[in-house]
Each structure stands twice: as structure tokens, then as C-alpha cells.
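Sequence positions, counted from 1, serve as the residue numbers for this chain.
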Amino acid sequence: MAKGDKLRFGIAIPQMFPAGRTDSGFIVNFLRRVESLGYDSVWVQEQILGVMPTLDPIPLLSYASAFSGQLKLGTAVLLTPLTSPIHLAKSLATLDQLCNGRLIVGVGIGGYTDIYPAFGISTDGRARRFEEGIQLLKMLWTEERVTFQGRFWQMEGISINPKPLQRPHPPIWFGAHARPALKRAVKMGDGWMGAGSTSTKAFKEHIRLVRQYLQEEGKGQASFPLSKRVYVAVDRDKEGAARKLQEWFGRYYGNPALALEVAVFGSEEECIEGLGEIAQEGVDMLMLNPVYDMMEQAERLAQLVLPKL
């Protein structure tokens with residue numbers, strides 16, 4: 001179970017509308033319902049390019065901030081190397097102000113480099129670009145005037161205002177699974193979320209490495225939340241659930257078979273077992289990601305599964 005306090009549960013906001021038309025009313029009803037069910041936070045992800053109609057994360061969270069009560073609002077993850085850290089710092093500071101300091105900023109370097117030319121940037125030194133961008137976010141949020149001479153960005157006496165409401169800044173959680181990326185997450189981040197596209201078996205190895213690197217960095221685990229996105233479906237028609245998951249994974253990841261490797265699905269008993277295996281690794285939060293019948297899935301999880309974890 002979680003370290004110290006009880007295990008917390010987040011859930012993905014409806015963000016993908018395969019028919020192409022966004023149902024904003026459904027988003028509002030979903031937010032209000034999941035808060036009443038006891039979820040701690042709601043989350044978005046970023047897919048700028050792709051065939052799946054996917055709402056952009058920051059505008060979506062800005063909209064959600066008005067209807068989400070006390071829910072924390074998280075990104076998992078923003079692909080920060082693809083954007084200007086100045087624009088990103090300004091947008092996220094604005095969002096943190098609008099939501100009264102409920103923002104968690106999840107960041108990642110991303111796994112696909114073939115899209116970089118579409119954004120007018122090179123893949124050369126992309127890890128350094130990522131690190132510089134995160135460093136600049138923190139500086140722009142905490143310093144009145146920023147002077148910086150890096151490989152990718154240079155500035156003299158630059159300032160953005162308002163600063164985020166949270167001080168020194170909103171927590172920055174890293175999404176990572178390769179060893180160098182996990183080391184970077186521990187060194188530069190305030191928390192870590194395992195990817196939904198990784199299996200439970202792989203997650204166990206990743207969280208072991210995170211704990212090792214935390215110890216090497218002299219960071220306490222109590223102040224560094226550990227979590228995982230889990231694609232999930234509570235459905236007694238297991239074959240039907242598998243088909244729906246594979247269809248979604250095919251459109252979003254281009255890999256239908258991945259669904260069967262990483263998702264937790266089936267009856268409530270099977271979901272309790274699958275999620276329990278992850279919870280036993282000592283995570284602080286499970287971020288649950290249904291991909292169909294999202295309202296019904298949120299209710300089934302809250303009523304039938306989560307109380308048993």
C-alpha cells in the first residue's frame with residue numbers, strides 16, 4: 001500500500017472523442033461525479049499529432065478548473081522539448097492561478113523523435129534541450145528576472161508574471177522508464193509516474209530503480225510521490241473489453257496488441273487483483289485510465305474495486 005497516508009486515486013478526464021465532436025457537458029458532469037466518488041485528482045495527457053481526436057491538455061485543464069471543485073489537476077505528461085519554455089511557463093502559471101494552486105505538472109521527453117522536424121527542431125541534444133527547458137521553467141516561476149545562457153536558450157533579464165500560486169512552483173512529476181530518464185526524474189523532479197504503456201512487471205523494475213536513485217541522491221521517499229497510470233476496464237465481458245481496449249490502443253498508440261500487455265481488465269475481482277499487484281509496490285497514487293464508457297467505469301471502480309485495495 002501507500003507510504004504513510006492511504007493510497008490515493010486519480011482518473012483520466014475524458015479527452016478523446018473518436019467521433020470528432022467534443023461533448024463539453026459530459027466533461028463537466030464527469031468532473032463533478034468523480035469528485036463525489038472520492039477521486040483525488042484528474043489527469044490529461046498530450047498527443048499533439050495523431051489520428052485520435054485528442055483535446056489539448058492545457059486548455060482542457062483550464063476549462064476543467066472551473067468545474068472540478070477541490071480535485072488536483074495533473075498533466076501526464078507534457079512533451080516539453082516540443083515547445084518554448086517561456087510560453088509553457090506562462091501558460092502553466094496562469095493555469096495554477098485559475099485553479100487556486102491545484103496543478104501538478106507532469107513532464108516527459110517523449111519516445112518518438114521522428115516528429116521533431118515537424119516542429120522545426122533537431123533531435124540532436126534532445127536530452128539536454130529537455131533538461132534546459134525544465135531548468136528554465138523553474139527559474140521563470142521563482143526568479144523575478146531570469147538571465148540564462150544555455151545551448152538552446154539564451155536570455156537576459158527576462159520576467160514572466162504572474163508567477164504560479166504554488167510556491168516555490170507547482171510540483172513537477174516526471175514520466176520516465178529508461179535508466180537515464182529515471183535518474184533525471186529523481187535529480188530534477190518532485191515525483192514520478194510510471195507510464196501506462198508499460199506492464200506491471202516492467203513497472204516493478206522501474207520503481208526499484210527510482211528508489212535506488214532516490215537513496216543515491218539523498219532524497220526522502222516521503223516527499224517524492226510515486227505513481228502509475230493504469231489503463232483499466234471493469235467489465236465481466238472480458239473478451240468484449242479486450243476488443244475495445246485493442247481498438248483504442250490501435251488508434252492512439254498504433255499498437256493494438258499493447259493493450260493486452262499493459263491494461264488491467266476483466267471482472268471486479270480480476271481488477272482488484274491486477275491493481276493490487278501495483279499498489280503493493282508502495283505507490284502513493286494510482287492514476288486510472290478507462291478508455292470507454294468512462295462515467296460507468298469511474299463508478300464501477302469507485303464502488304466495486306478501489307475500496308478493496
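- Identified under the side-chain hydrogen bond (donor to acceptor under 3.5 Å, both in side chains) test for residues 294-309, with sequence neighbours left out: R33-E299.
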Please list, one pair per line, the donor and acceptor atoms closer than 3.5 Å that link side chains of residues 106-114 to other protein atoms, with sequence neighbours excluded.
none

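- Between the side chain of K219 and the backbone N or O of V186, at least one donor-acceptor pair lies under 3.5 Å.
- Using a 4.0 Å cut-off between charged side-chain N and carboxylate O, R151 and E132 make no salt bridge.
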Name the atoms and distances for all side-chain donor-acceptor pairs under 3.5 Å in residues 172-179, with sequence neighbours left out.
none

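- S267 is linked by a side chain to side chain donor-acceptor pair (under 3.5 Å) to E269, E270, counting only residues two or more places apart in sequence or in another chain.
- Looking at V230 and N289, their side chains never come closer than 4.5 Å, going by heavy atoms from C-beta outward.
- Applying side-chain contact (heavy atoms from CB on, under 4.5 Å) to V44 and the options D56, L60, L55, T54 leaves one that passes, L60.
- Applying the side-chain contact (heavy atoms from CB on, under 4.5 Å) test to P85 and every residue at least two apart in sequence or in another chain returns L136, W153.
- No more than 12 heavy atoms of other residues, nucleotides or ligands shown are found within 6.0 angstrom of CZ on R145.
- Other members of the cluster containing Y252 are M16, M52, Y231, L245, W248, F249, Y253, L258, L260, V262, F265, V291, Y292, with ILVMFWY side chains joined at under 4.5 Å, either directly or via other members.
- A salt bridge is absent between E247 and K244: the closest approach of a Lys/Arg side-chain nitrogen to an acidic carboxylate oxygen does not fall below 4.0 angstrom.
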